[in-house]
Colleague: 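The structure under discussion is supplied below as structure tokens; questions concerning it will follow.
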Amino acid sequence: MFWGLTVFMPVGVPYLAALLMMVALLVAGGWRERMQRLRANPMWWPITIYVVWTLVVLALEPIYPQTPSNLVHGLRIAATLYMALALSREEAVWAMRGFLLMALFNLVLIAGFWTAVYLRMYFPVVEPFRGVIFLVGNKSISNALLFTILGATAAVFGLQALSEQRPMRAAVAFALTLVVAVVITFSLPSRTSLLALLLVIPAACLHQWRRQLKVLALAMIAGGVVVSVALWNSPAVQQKFELGVQELEAAQRGAVSEGSWVVRYYMYRDTGRMILDRPFTGWGIGGWTEQWQLRGPKLLADYNMPHNDFLWMGSQAGIPGVLSLLAIMLTGVWVAWRRDDLYGRYAFAAQLIALIATNANSALRDAQIGLSLLWVSTVYLRLAQEPVGDAWRGLLPRRTRLPQKTSA
């Protein structure tokens, strides 16, 4: 639960939570049961192959100044996955409670801050929560993605409520999704998060009604109309994507700036060339930074990751490295897709958001994003592997009555 509660906080706190989680798992024991759970998990072999290939490349290729940090981040990705998948059902439920509780608290915090600004009242901003209210680097992007998981979860719940003819529940759930859309548009503006939300909700409809084509068609049409009216007609949303297109066109004409899509254009182009130059083992763990400084524009030489985890892995560990990381992400999506109920749909949405973020940003390599996003999305996946009816059972603790004293 502590890790769940800290996912929105500055990166040092999730790091502390991860280390404490590791210690707690070692102290708690029950490793035979946990290993059996891991070995039976479809994610076991993709993660293990990823780790083994990383170590093989480390042994075969040169060592760079960035090798230690890149190795730690690469193994941290695997450790986060292993720890989340090794949790018991009750432990995973507590992690989910922490995440949902803090996400809802932070939405109230954001609403309180902007209400105070509108009323011209003083509202103290505590430093650990600054990245929740303001856009202050990659930690705020991480927080926007976490809110996107919350918004997608609410949308999935709302769709289920509609199918069960419970309109009040659906209205509350969709209102929460709308609140999240407002947050990631205005308070923590993130094109990756907006894109993920726009893609994941139709995907959730596909998951829910894949065997009911008429209902699916109506849901997709209705969803498209709602998205077009509510989001695309928003000037703020239009400006974000228009700016991105302008940056991309400028980069194709040879312009160099620190615009988000300009940086990605050059990174994706030059990293792709790195992979083509050494497709089998790549340039070695930590080799991307040196190659980028040789190939990329001088203005952008200080970056240490290519804003795409598959390109990062490919440049350092070749095409086998890309395939191993891709297998991890796609296996998570497939496991969630295979479970045809509400809890599978929750995990499906969370895994898709992680996959989209991995393509559009360094969502795994960058600990500011990866420590939180990967933990939460994998906890969703862990709960989706429980038997029907058990997955999220007991998420909201029931109030128990104390036994009444009887008179002698």
Side-chain angles (χ1 to χ4, degrees), residues 7-8 11 14 43 46-47 50 73-74 76-78 80-81 84 99 103 106 131-132 135-153 155-156 177 180-181 183-185 187-204 237 240-241 244 260-261 263-264 267-268 271 303-314 322 324-337 346-381:
V7 291
F8 289 92
V11 67
M43 298 283 284
I47 301 170
Y50 162 83
H73 285 298
R76 185 255 309 154
I77 293 169
T80 302
L81 291 163
F99 163 64
N106 283 332
V132 173
L135 186 64
V136 288
N138 282 356
K139 186 55 198 166
S140 294
I141 294 173
S142 170
N143 293 339
L145 288 166
L146 293 171
F147 281 131
T148 303
I149 290 181
L150 177 68
T153 302
V156 167
T177 302
V180 167
V183 167
I184 63 178
T185 302
S187 189
L188 297 176
S190 168
R191 279 178 292 220
T192 302
S193 298
L194 274 172
L195 179 64
L197 193 62
L198 292 176
L199 292 176
V200 163
I201 293 177
V237 175
K240 290 182 192 305
F241 286 98
S260 177
W261 287 18
V263 173
R264 282 171 172 78
M267 283 183 169
Y268 292 3
T271 306
Y303 285 89
N304 63 357
M305 61 187 90
H307 286 62
N308 181 301
D309 287 316
F310 298 115
L311 291 177
W312 165 70
M313 194 63 184
V322 175
S324 66
L325 186 59
L326 183 62
I328 291 173
M329 304 305 295
L330 292 183
T331 300
V333 172
W334 171 73
V335 169
W337 170 266
Y346 287 148
F348 182 63
Q351 288 292 305
L352 276 182
I353 290 168
L355 177 62
I356 292 167
T358 300
N359 277 281
N361 214 313
S362 295
L364 305 182
R365 157 66 177 84
D366 187 345
Q368 295 199 73
I369 305 175
L371 263 172
S372 297
L373 178 65
L374 190 60
W375 172 250
V376 171
S377 62
T378 311
V379 169
Y380 269 78
L381 185 65

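This chain uses plain numbering: 1 for the first residue, then up along the sequence.
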Colleague: Could you give the distance from OG1 (T185) to CZ (R191), rounded to the nearest 0.5 Å?
Modeller: 12.5 Å

Colleague: With a 3.5 Å distance limit and no angle check, can you tell me whether Q351 reaches the backbone of S377 through a side-chain donor-acceptor pair?
Modeller: yes

Colleague: Going by heavy atoms in the side chains, are F348 and V335 under 4.5 Å from each other?
Modeller: no

Colleague: Partners of A204 by side-chain contact (heavy atoms from CB on, under 4.5 Å), sequence neighbours excluded?
Modeller: V156, L159, R345

Colleague: Considering all heavy atoms of both residues, which atom of A203 and which atom of L352 are nearest to each other, and what is their separation?
Modeller: CB-CD1, 3.5 Å

Colleague: Closest approach of G332 and L381, non-hydrogen atoms and distance?
Modeller: O-CD1, 3.5 Å

Colleague: Just jot down the ring pair (Phe, Tyr, Trp, His ring centres under 6.0 Å) partners of F310, sequence neighbours excluded, or say none.
Modeller: none

Colleague: What pairs with W375 under side chain to side chain donor-acceptor pair (under 3.5 Å), at least two apart in sequence or on another chain?
Modeller: none

Colleague: Using the test side chain to side chain donor-acceptor pair (under 3.5 Å), find all partners of N308 that sit at least two apart in sequence or belong to another chain.
Modeller: none

Colleague: Do you know the tightest heavy-atom contact between T331 and P46?
Modeller: OG1-CG, 3.7 Å

Colleague: Compare all side-chain heavy atoms of P306 with those of R264 and state whether any distance is below 4.5 angstrom.
Modeller: no

Colleague: Check whether any side-chain heavy atom of D309 lies under 4.5 Å from a side-chain heavy atom of M329, and answer yes or no.
Modeller: no

Colleague: Quick one: are P189 and L135 in side-chain contact, heavy atoms under 4.5 Å?
Modeller: yes

Colleague: Which heavy-atom pair separates G151 from L197 by the least distance, and what is that distance?
Modeller: C-CD1, 4.3 Å

Colleague: With T153, which residues qualify under side chain to side chain donor-acceptor pair (under 3.5 Å), at least two apart?
Modeller: Y380

Colleague: Mind checking whether S142 and Q368 have side chains closer than 4.5 Å, heavy atoms only?
Modeller: no

Colleague: Provide the closest heavy-atom pair for V7 versus K139 in the form atom of the first, atom of the second, distance.
Modeller: O-NZ, 2.6 Å

Colleague: For T271 and Y268, indicate whether the former's side chain and the latter's backbone hold a donor-acceptor pair under 3.5 Å.
Modeller: no

Colleague: Could you list the donor-acceptor pairs under 3.5 angstrom formed between side-chain atoms of residues 355-365 and any protein atom two or more places apart in sequence or on another chain?
Modeller:
residue: T358; atom: OG1; partner: A354; partner atom: O; Å: 2.7
residue: N359; atom: ND2; partner: L355; partner atom: O; Å: 2.9
residue: S362; atom: OG; partner: H307; partner atom: N; Å: 3.1
residue: R365; atom: NH1; partner: H73; partner atom: NE2; Å: 3.4

Colleague: Where the side chain of S140 meets the backbone of G131, is there a donor-acceptor pair that is under 3.5 Å apart?
Modeller: yes

Colleague: Taking atom CG of L188 and atom CG of N143, what is their separation to the nearest 0.5 Å?
Modeller: 6.5 Å

Colleague: Are I149 and F99 close enough that some pair of their side-chain heavy atoms sits under 4.5 Å apart?
Modeller: yes

Colleague: Determine whether M313 and Y50 make a side-chain contact, defined as any pair of heavy atoms from C-beta on separated by less than 4.5 Å.
Modeller: yes

Colleague: Got T148 and T192 here, is their nearest side-chain heavy-atom distance under 4.5 Å?
Modeller: no

Colleague: To the nearest 0.5 Å, tell me how far I141 CD1 sits from D366 CG.
Modeller: 8.5 Å

Colleague: Who pairs with T80 by side chain to side chain donor-acceptor pair (under 3.5 Å), at least two apart in sequence or on another chain?
Modeller: none

Colleague: Atom OG in S193, atom CG in L198: separation rounded to 0.5 Å?
Modeller: 10.5 Å

Colleague: Sequence neighbours excluded, which residues qualify as ring pair (Phe, Tyr, Trp, His ring centres under 6.0 Å) partners of F147?
Modeller: F8

Colleague: Working to the nearest 0.5 Å, report the span between CD1 of I77 and CG of L325.
Modeller: 6.5 Å

Colleague: Please give me the minimum heavy-atom distance between N138 and I369, naming the atom from each residue.
Modeller: O-CG1, 3.6 Å

